[in-house]
Every structure is written in structure tokens, then in C-alpha cells.
Amino acid sequence: MSQRLKIGAALLACAGGCAIADAALAHGFAGDRFFPATLQTDDPFVADEASLPTLTENPSDPTGGQSYAVEADIAKRLTSDFGLTAAYSWNYFQPKGAAPQYGVAGLTTGAQYQLFINEQHEFMGLLGVDVDWGHTGAVNHGGADDHTTVSPTFDFGKGFGDLPDSLLWLKPFAITGNIGASFPTRVDSDGDLNQESFNAGFAIEYSLEYLQHHVQDIGLTAPFDRMIPLVEITSTTPFNRGFNPDSGLTNRTGDGTTGIVAPGVIWAGQYSQIGAEALIPYGEGQGHGLGVLVQLHFFLDDLFPDSIGRPILGSGKLFGA
Amino acid sequence: MLTRFLGLLLLAGAVFCAGIPAACAHAFLDRADPAVGATVKTAPSMATLTFTEALEPDFSSITVEDGAGQRVDLGDAHTAADDTKRFSVGLKPLPPGSYKVRWRVTSVDTHKTSGSFSFTVAP
């Protein structure tokens, strides 16, 4: 068993042994609003949940190569407002006219702190920092990095249920998003510049659950009354920190903004949700065609409310009462 | 081959879902009487909300307010004897107008959820 697996097993065992007899707090709720776990962008709430698996068929790259990924993510609360995340993926790349390459990508971990939840205005905010650890995957075959990258983020969610009643049909709308930056800990890898970058992502959601159960009973029944159509948009813009063409480094990342537009739908049940999105790339040097992503997601706090679904250190807050 | 592999993974996930032991979860509102956003001709004597999970009535509440924010419920919120997912509160005689139902419930596994909706009495 690898060191990482040992740490993961120890964390799960610790979580499983800590059943705290206190009222559980709801994941992804701000007043009337239930925010689902989005597929492209980070969620604005701490939670006990697992995405297992996330299956991605990426759009073809500019040379016609095709790649796939299978990813597992887990998020675990230590307190009611502080949690940790971990993610690992396995990548498969089929270059055009060459042998395939595959292997695990690097480990990504995160720490998250719930800044606020405003129930009345269906508003929440979260500070987080993600770390993509270098040399934790197949650097040569799986696309893993040979360096560590640190990415602080601010995530938010806002529902529009507080709009006036004259705008009744707009109340089911919500937006979640995150802004952040990535800072590689090495300037270059094999002569290619590792760019610092500004990252942003947004999800525009129209919750049929909210419409049916909080605004207007229009007769929706299962499964439609638990569906949330959405569009996610992500972008990455390199800072281009002092790139000097005379330095001898290459800059394969380029200077322009790139990203994904991902229309799709999420169905959120009592214990799990399933989501699917089309992936449409944009920006210089991006591939062409459509990709697709499918994700199974489990609410651990609902599945295992007396064990790993509770905060390890109880339902208290990290700061304040 | 890869497509078959991905299909198998999804199937494994579905099997995992089916094998999960029965648990409790957050209580979502399933339906209401009067219905969410409804306009009714006859003033109801009771508001009844049916949730997706069984409730702890001692830690759950329903209030109903008129357009001026005055309570018009009788404060006797209770679950049905034969169905603890069904939660009701009696109402005072309601004149025509718009009313706001607010609920805050705790499911039997202690998860809390809340919500609100409006209905209108217009004979």
C-alpha cells in the first residue's frame, strides 16, 4: 500500500470512528436554495461527499488526438465550516497515428473554509486553496506535472429566490462560481514555461426543484422535479509572467484565454446525484468537436449520517460560536 | 473498448447505489396542500406539507403569515399518526389575500432543511 493510500485509509478510519451526537447541518443549502455539486467548477460549500466516478471524453486536441479521464474525488468536513478534499484521476491519451499513453495524473488536495451562509438571500461564500502535487502521478505517460502548483480560490453561490414576486419565474435561477489563480512552484519544465494563471468559472443554474417546491407547483413529477439544467463556463488566462522569447524557454500554453462551455443537466436525489454535460472548448490552440462528461456523486452525510457523513471534530465551527 | 469500459464503470456505480443500505436524508418538500403558488377559491382550514423523509415533529415547525406578516396559523403543527412525512398546521379563518408558508424541519436522521412558498385565497 502506498503512503498516500495509507493516509487516505487512516483518514477514513478516523472519520468512521467519530460519530458525533449533534444535529447535522445540511450540505449545499442556503435557506430555500439547494445548490447541487457542479461538474466543472468548485462548489461554494464544505461537505461530506464523493464523486465516483467522473468520466470524461475530452474534445479532440488540435492534432486529432483523443483523451479520456476517470476521476475520483472526496470531500470531508473536519468541522461544520472547514473541510479537506482530495482527487485522483487516470488518463488515457490516444495520439493520432501513435501508440496510446496512459497513467494516473497527479494528486490534488484542497482545504476549504466556509466564510458565510446567508439563508435569507440564498448566498454563500468559501475560501479555498488547492494544491496539485508534483511527481504524484505518471509524469511521462499520464500527463501528471513534475512540479507542484498552488491555487487559492474564492467560491460563491447566489440564488435568486429573493427577487420580487413580479419576477416569479426568475426565482429558480442561481449562479455559482469561483475566481482564483494558479502558482506553479517551478518556472519551467524541460524548457517549457509553467505559466501562472488567472482562473474563473461560473455555473448558471435553473432549478426545477426550486420552481416546483418553492415558487409554483406546475405539476412536475419525478424525475423532472429534481432536475437542474445548467451551463458552466470555465476560463484560464495566463499571467505571462515575464516571458522572454530570448530566454530559450518555449511557451506552449500561449497567451490567450482558454476554457470550456459546458451545457448539461444534474439530477439530484436524496443520496446521490448524476450529472452530464457536453464540453465545448474555446480559445486559441484548443481542440475541436464536442466532449462529454458524466459524473456520479454521493452525499456521504445522507448515506452515512452517523459515521463518515459527520464532521470529524463535531459540528462546531473553526472560528466563532 | 474504451466505451465498453466506461459503460462498465457506470454500471458499477449503479450497482453500488442499489446496494446502499436504507438511510435517511435531507427532507425535501414533495407536495403541499394548498399547492405551492396556488390560487384557491375556498380558504383552507389547514396547510399540509408532505416531505420526502420522515420528520422529528418536536424539532420541526410550520408558520403561515398574511400579507402584513401576522401569524394566521393555530400553532399546532403536527405529523400525521400514520405518516410522519406528512406535516400539518391548522389555520384561522382566512380572508382573501396572499399568504406565506414557512417550514423548517428536521428529518429523523437530524438533517435540517427549510423553505417557504406562497398561496393566495381569491374567492
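We name chains A, B, ... by the order of the sequence lines, and we start the count at 1 in each one. Keep in mind that what you see is a predicted model, and the values were worked out from it rather than measured.
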Between [X] and chain B, with a heavy-atom cut-off of 4.5 Å, which part of the residue counts as in contact: side chain, backbone, both or neither?
| X | answer |
| --- | --- |
| A/Gln212 | backbone |
| A/Phe299 | neither |
| A/Arg226 | side chain |

- Could you give the distance from CZ (B/Arg31) to CG (A/Asp225), rounded to the nearest 0.5 Å?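 One gets 11.0 Å once the value is rounded to the nearest 0.5 Å.
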- Query: For the atom pair CZ (A/Phe34) and NE2 (B/His26), what is the distance rounded to the nearest 0.5 Å?
  - Reply: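 Result: 8.5 Å between the selected atoms.
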- Most heavy-atom pairs under 4.5 Å with chain A, out of B/Ser114, B/Ser98, B/Ala27, B/Ala32, belong to B/Ser114
- Task: Decide yes or no on side chain to side chain contact (heavy atoms under 4.5 Å, CB included) for A/Glu209 and B/Phe28, but give the supporting numbers first.
- Result: CA-CA 9 Å; A/Glu209 188 279 327; B/Phe28 282 84; 3.5 Å; yes
- Message: Please identify, among A/Arg33, A/His214, A/Glu119, A/Gln94, the residue contributing the most non-hydrogen atom pairs under 4.5 Å to chain B.
- Response: A/His214
- Worked check of side chain to side chain contact (heavy atoms under 4.5 Å, CB included) between B/Glu53 and A/Gln270: CA-CA 9 Å; B/Glu53 301 293 331; A/Gln270 293 297 95; 2.7 Å; yes
- Given the side-chain rings of A/Tyr210 and B/Phe117, with only the six-membered ring counted for Trp, is the space between their centroids under 6.0 Å? no
- So, do A/Asp302 and B/His111 sit near enough that their side-chain heavy atoms are less than 4.5 Å apart?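 Yes. Closest side-chain heavy atoms under 4.5 Å.
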- Query: Is a side-chain donor or acceptor of A/His213 paired with a backbone partner of B/Asp30 at a separation under 3.5 angstrom?
  - Reply: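 Yes.
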- Message: Using only atom types and a distance under 3.5 Å, with no angle test, would you say the side chain of A/Asp32 pairs donor to acceptor with the backbone of B/Ser116?
- Response: yes
- Is atom CZ of A/Phe116 surrounded by more than 12 heavy atoms (other residues, nucleotides or ligands) closer than 6.0 Å?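 Enclosed.
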- Query: Does B/Arg104 CZ have over 12 foreign heavy atoms under 6.0 Å away?
  - Reply: no
